[in-house]
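Only one structure is covered here, and it is reproduced in the block below.
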Amino acid sequence: MPTEQPLTDAGAAAPDVPAPEVQAAPDTELRLRMYRTMLECRLFEQRTHELFLAGLVRGTTHLGIGQEAVAAGFAAAMRPDDWTFCTYRGHNHTLARGTPMTPVLLELVGKQGALMGTKGGSMHLTSVEHGVMGSYAIVGAHLPIAVGAAWSAQYRKTDQVAVCFFGDGTTNIGSFHEALNMAVVWKAPVVFVCENNQYMEYTPIRSVTAVDRPAADRASAYGLEDLVVDGNDVEAVYAMARRTIARARAGEGPSLVEAVTYRHGGHSRADPGTYRPEEEVKAWLSRDPIPAQRARLLKAGVAEEDLARVEAEVKAAVADAEKAAREAPDPDPAVATTHLWADGGAEWRS
Amino acid sequence: MPTEQPLTDAGAAAPDVPAPEVQAAPDTELRLRMYRTMLECRLFEQRTHELFLAGLVRGTTHLGIGQEAVAAGFAAAMRPDDWTFCTYRGHNHTLARGTPMTPVLLELVGKQGALMGTKGGSMHLTSVEHGVMGSYAIVGAHLPIAVGAAWSAQYRKTDQVAVCFFGDGTTNIGSFHEALNMAVVWKAPVVFVCENNQYMEYTPIRSVTAVDRPAADRASAYGLEDLVVDGNDVEAVYAMARRTIARARAGEGPSLVEAVTYRHGGHSRADPGTYRPEEEVKAWLSRDPIPAQRARLLKAGVAEEDLARVEAEVKAAVADAEKAAREAPDPDPAVATTHLWADGGAEWRS
Amino acid sequence: MAELTYRQAVARGIAQEMERDPSVVALGEDIAAAGGVFKTTEGLLAKFGPERVRDTPISEQAIIGAAMGAAMTGLRPVAELMFSDFFGVAWDMVANQIAKTRYMTDGQVSLPLVIRTANGGGLRFGAQHSQSIENWAMAIPGLKVVAPSTPHDMVGLMASAIRDPDPVIVCEHKSLFADKADVDDGEIVVPLGQARVVREGTDATVVALAAMVPRALAAAERLAENGGPSLEVIDLRTLVPLDMTTVLESVRKTSRLFTVEENPRLCGWGAEVVSIVAEEAIYSLDGPLVRITTPHVPLAANPVLEDAQMPSADRIVDVVTTTMEATG
Amino acid sequence: MAELTYRQAVARGIAQEMERDPSVVALGEDIAAAGGVFKTTEGLLAKFGPERVRDTPISEQAIIGAAMGAAMTGLRPVAELMFSDFFGVAWDMVANQIAKTRYMTDGQVSLPLVIRTANGGGLRFGAQHSQSIENWAMAIPGLKVVAPSTPHDMVGLMASAIRDPDPVIVCEHKSLFADKADVDDGEIVVPLGQARVVREGTDATVVALAAMVPRALAAAERLAENGGPSLEVIDLRTLVPLDMTTVLESVRKTSRLFTVEENPRLCGWGAEVVSIVAEEAIYSLDGPLVRITTPHVPLAANPVLEDAQMPSADRIVDVVTTTMEATG
Ligand SMILES: Cc1ncc(C[n+]2csc(CCOP(=O)(O)OP(=O)(O)O)c2C)c(N)n1
Ligand SMILES: Cc1ncc(C[n+]2csc(CCOP(=O)(O)OP(=O)(O)O)c2C)c(N)n1
Ligand SMILES: [Mg+2]
Ligand SMILES: [Mg+2]
């Protein structure tokens, strides 16, 4: 288990990681882009949390702080017309596909100009324009939905791929089983990515799961290869993404990847996360994917000022989004009865 | 696959069968009892089908003709206070636990004196008195329910065991996955028995399943041993039942058994079963578990007249049940509004 | 003009739409090679091939989930739930995902899909294979609900359901599958949201759906023969959109309303229709608003019991007669 | 006498019954070690131990199915569905198995179990975590349905639900968890099926449930202060069994009925109550029967939108006033 692994300064966990394939080795520009993406996720979410505490963000939020490498690594390997299906913990995935920060933050604060008219909120971020086909808040629901999208790509011969992200706890719900079986039988171009952050909400996954590796140990039940990657190493994730997406696009069928990672905070804004042993948290904080990638880039000869510039640009983008969020007006209550139907309305009488 | 297996005259399929354990070897009395049980199931169902064609049995029926060895082998290894959970294809399991034929047939023809007041019908046979905790007609539903019964035995320290029978098609539905995982995590005393008769309703299981062996190839996903038995060899089934029930009773947790078998007829009374290749049907008919066991008993020195007596007794019992079924009056329509609630009534206003 | 069974009308409606639109695909258990366990999809595999007509595993969440994913990415899936009772195992997909996603995404996601299902009682299948779930669907914002009572309407409403840009639940009534009627050749399209006055009358309005329509008609004829009250019988045909215009017009004329529902007593579509009338037309009424329903119990497998549970022409005659006499 | 939150009342009601009956067990996601994500089961693990208070995987079908299997074999399980929206993933177990099994087996199988769930809106959780599903359950024969509005009723109705020999759905309203009130010490048991007149009035009857009760009361007080109509407010408390005796008595006195429902418009409990009144008390009425509900759309996450959707004291005042004036 990760916490027992030797922690290198770069934070790469040894055992489980498959050697990144050569042809998938990212060039500096791409490595820098993934660093930027992770930073966008991190700074956006940190600010979101502050705005939540300040009472500007309402409702609930589920932060992915600590898990950015999974979103960034996969997004970097996806084609613009590929599809992302993710969960209520979906800020990272939504931003990683290129959705601008401002409409996303407006959705979280619930103001005009929001990504979804403020109807969905944090748990349901969707940007079809950017291939983000939805953040789903009922555990497991989006796995079969992703299979359906993959089937559509297969039928329409568009060679698009669906990538479906979910958590460790999701591997114990029925729709996981149904989706995996159907995807394999139909050879659907879908990649299932389990972000194993070790916990459901407050319950350790190992205490409620029949096997040690909630996703990888289930792969054989669908005739799939057992794939595990260090979810805190963005380049290892990228390599795995390249490999599994290429397989899907080539018509060779689905894959199931277990990305081992950790959320730095609690499950949701309501949760301090105190049920987690201190050493465990400490060990994982020391494996933060962002400083790890920064160190790796410096080692690779990227100049400190180039990194500093990226960091300044991301900070500025977050600040702009915040400014917009503070200034935007509340929505018109009439919005509440729009877009139930394709005609834009909500009439049920004829 | 069975059809490719050498068919011995006794019809025992070689490869998949685990050697029956010595201490589990049944004595002649028990072997004869299992033969009688299979015969009761067979003759009862054959007569039921005739009565259906004669218009006496109404609604639907799902016959288990050809699969009797699974019911008989497990029932012989169960304690009277153990629990059976089965499906709409449940006549065999209901009779095998000792439920008398007459109330069962009365339930099928829908007359007074029926096992369940004629409310349930063929698909829902239940006789709590005989440990038959229900025949469930929504695929997969009874697997979690059996886990709950096993949990109750564990909590109440009664060392009862729940045995849950279901088909190959059921291995692809969500509740299968949820039940198996929870049973293992809770070490529940439950034995899951997949009667792999090769088909869902009309669809071959292999055409919709990601693995070759719908149950056995899923065992590892729950950390369980991969167990397959020839479902047409009642003594092999008995040995497997002894072994898995003993494990459950000893507190060592659940098992998942795949019993390879075949239904001689169609899925239900509406189905001629024409979608099945002739040679496949022929091969399986030649592996009929009942003549196979009869031959084995003769070889073991059981006298022809003893077998003939058993056969005569079973025929007589079926005839008695039929006589009762023909003579019994229709139910009182007022029965329709009884036993919704524990008070015996169906009042929803206070 | 050709004689068609209600069962055949299902396949004809689907085929009509698959021919005009290659994005229409069908999926479900045993629907392709076997032509459906009710033989309602017979011939589709032969005509349109395995890419468009797919057999699935017993995985209702995956069937409905896949239909949703395909619908949001350019296809028009027609998914079958073999028995409507099986909505239970896929209810999250239907009620929480399909019904809500267009709304939650403020219109970004379109879900032009159909879920067809064998609904209703009368076949002695017992409590888990005989339910009427049109109310389950009607209670969920974001679902349209259709329940045809004739072969013609089945073809035409199936066509409209498949063409509709929003999710539509099509309830195919098990006990009507064998019904025959002459149906026009060529394309048939019946718009959603239009109730049909199947019999004109002056003394009371009877609103029915699916298998209850012929029973309401039989009751009306019997009353007419015996000099009883003259009933106007309305076939709602669709529950969402709900054509209250036709119902209210009729009630204002007859000043009496009876609803005939197959579903259990509580919270049915009849309660909705009655409540709308009780708010909007109360001053036009001459007497109580009466719902004729199955009692609030599951359906029994036994024919004697099941027949006693479901509203029959006899019961409609009795209830109408006693109500009109007691309050005339 | 101790001050108790509605949230604490849940745990107190369960603990009261676990103390008197060792066959009562509790299961659900995060209910044991964490004391529940809403902290409604805090302290139960410490008091009763892991054998009786169990954390489960995210497997709602298994949670509810296991509760059923345990109930039919001698236990009295109290299962939690964290949010009532999750009934969707376990609906087959609830509607097809638990509700029907005693009936189908002609009384052979007893199912003394409780399913508790955080129900309702107001917390800005959006469409998939804010639904009111009491109607889903009410429409299914074989389920009893409880929805307390106060800490005292929560303790007492939870106790009755656990003691009841039949399956009971207990709806715990999310927006009431923080409400405080003084609650008697010692055992509290409130029988199922008894509505409560929370405010006497003469001009109109207002029937409400759970979080709508305080809103109906606020509206009544405001109208009283402004010399408006005098409202009699009834808290239904349980939907099945349904106490129509209390409602009909009140309506016969006031000759007016308004229902206040949080659930979407169509086929709600309000439609059932209105329909019964429209059949049984139509001649006592002075005006239309009016339902005040959330419109037939999902709940939005945004506070401005959600507040506009759910019935508020203001809206109740407006609807009552305009209706009484227009039809007085
Ligand atoms: C069907 C269902 N059950 C329960 C929940 C409540 N819930 C929301 S998130 C969560 C934990 C999910 O854990 P995991 O899959 O590991 O994802 P993570 O939150 O760790 O990213 C639970 C139980 C839900 N949303 N849906
Ligand atoms: C959830 C659900 N889906 C579909 C059905 C319809 N159905 C009844 S039996 C059956 C086939 C089941 O196949 P299997 O599990 O192999 O059992 P067998 O009938 O072969 O004994 C199907 C699809 C059902 N009853 N429940
Ligand atoms: Mg997790
Ligand atoms: Mg089978």
Side-chain angles (χ1 to χ4, degrees), chain C residues 60-61 85-97 99-101 103-104 126-128 131 135-136 138-142 239-240 242 259 263-283 285 287-291 294-298 300-301 327, chain D residues 60-61 85-97 99-101 103-104 126-128 131 135-136 138-142 239-240 242 259 263-283 285 287-291 294-298 300-301 327:
Chain C
E60 280 77 8
Q61 294 185 76
D85 313 72
F86 309 160
F87 268 91
V89 290
W91 195 234
D92 174 66
M93 287 296 174
V94 176
N96 291 335
Q97 311 304 332
K100 295 177 170 53
T101 294
Y103 181 83
M104 290 195 299
Q128 292 184 342
Q131 288 174 93
N135 308 323
W136 299 10
M138 187 180 186
I140 306 296
L239 293 178
V240 181
L242 182 65
T259 60
N263 45 264
R265 184 72 182 175
L266 302 185
C267 300
W269 60 260
E272 186 60 39
V273 169
V274 162
S275 298
I276 294 168
V277 171
E279 176 167 358
E280 301 179 19
I282 188 127
Y283 298 111
L285 297 173
L289 298 163
V290 177
R291 292 173 300 154
T294 294
H296 205 60
V297 292
T327 62
Chain D
E60 280 77 8
Q61 294 185 77
D85 313 72
F86 309 161
F87 268 92
V89 290
W91 194 235
D92 174 66
M93 287 295 174
V94 176
N96 290 334
Q97 311 304 331
K100 294 176 171 56
T101 294
Y103 180 84
M104 290 195 300
Q128 292 185 343
Q131 289 173 92
N135 308 322
W136 300 11
M138 187 180 186
I140 306 296
L239 294 178
V240 181
L242 182 65
T259 60
N263 45 266
R265 185 73 182 173
L266 303 184
C267 300
W269 61 260
E272 186 59 40
V273 168
V274 162
S275 298
I276 294 169
V277 170
E279 176 167 358
E280 301 179 19
I282 188 131
Y283 298 112
L285 297 172
L289 298 163
V290 177
R291 293 173 299 154
T294 294
H296 205 59
V297 291
T327 62

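Each chain gets a letter, A, B and so on, in the order the sequences are listed, and its residues count up from 1.
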Contacting region of C:M138 [heavy-atom separation from chain D under 4.5 Å]: both

Winner by heavy-atom pair count (cut-off under 4.5 Å) against chain D, out of C:P264, C:A99, C:G142, C:A90: C:P264

Region of C:T259 that comes under 4.5 Å of a non-hydrogen atom in chain D: neither

Student check: side-chain heavy atoms of D:W136 and C:I140 closer than 4.5 Å: yes

For chain D, the option from C:R291, C:M93, C:R265 that forms the most heavy-atom pairs under 4.5 Å: C:R291

Side-chain heavy atoms of D:V240 within contact of C:L266, under 4.5 Å: yes

Gap separating the SG atom of D:C267 from the CG atom of C:N263, nearest 0.5 angstrom: 8.5 Å

Minimum heavy-atom distance C:G287-D:Y283, with the two atoms named: CA-OH, 3.3 Å

Minimum heavy-atom distance between D:H296 and C:P141, given as atom pair plus value: O-CB, 3.3 Å

Heavy-atom pair of closest approach, residues C:L289 and D:E279: O-CB, 3.2 Å

Most chain C-contacting option - heavy-atom pairs closer than 4.5 Å, from D:P295, D:A301, D:S275: D:S275

Flag side-chain contact, heavy atom, 4.5 Å: C:V274 against D:E272: no

Largest heavy-atom contact set with chain D, pairs under 4.5 Å, which of C:Q61, C:E280, C:Q131: C:Q131

Residue, of C:A139, C:G268, C:G126, that accumulates the most heavy atom pairs under 4.5 Å with chain D: C:A139

Where C:Y103 and D:A300 come nearest, the two heavy atoms and their spacing: OH-CB, 3.9 Å

D:D85 (side chain) donor-acceptor with C:N96 (main chain) under 3.5 angstrom: no

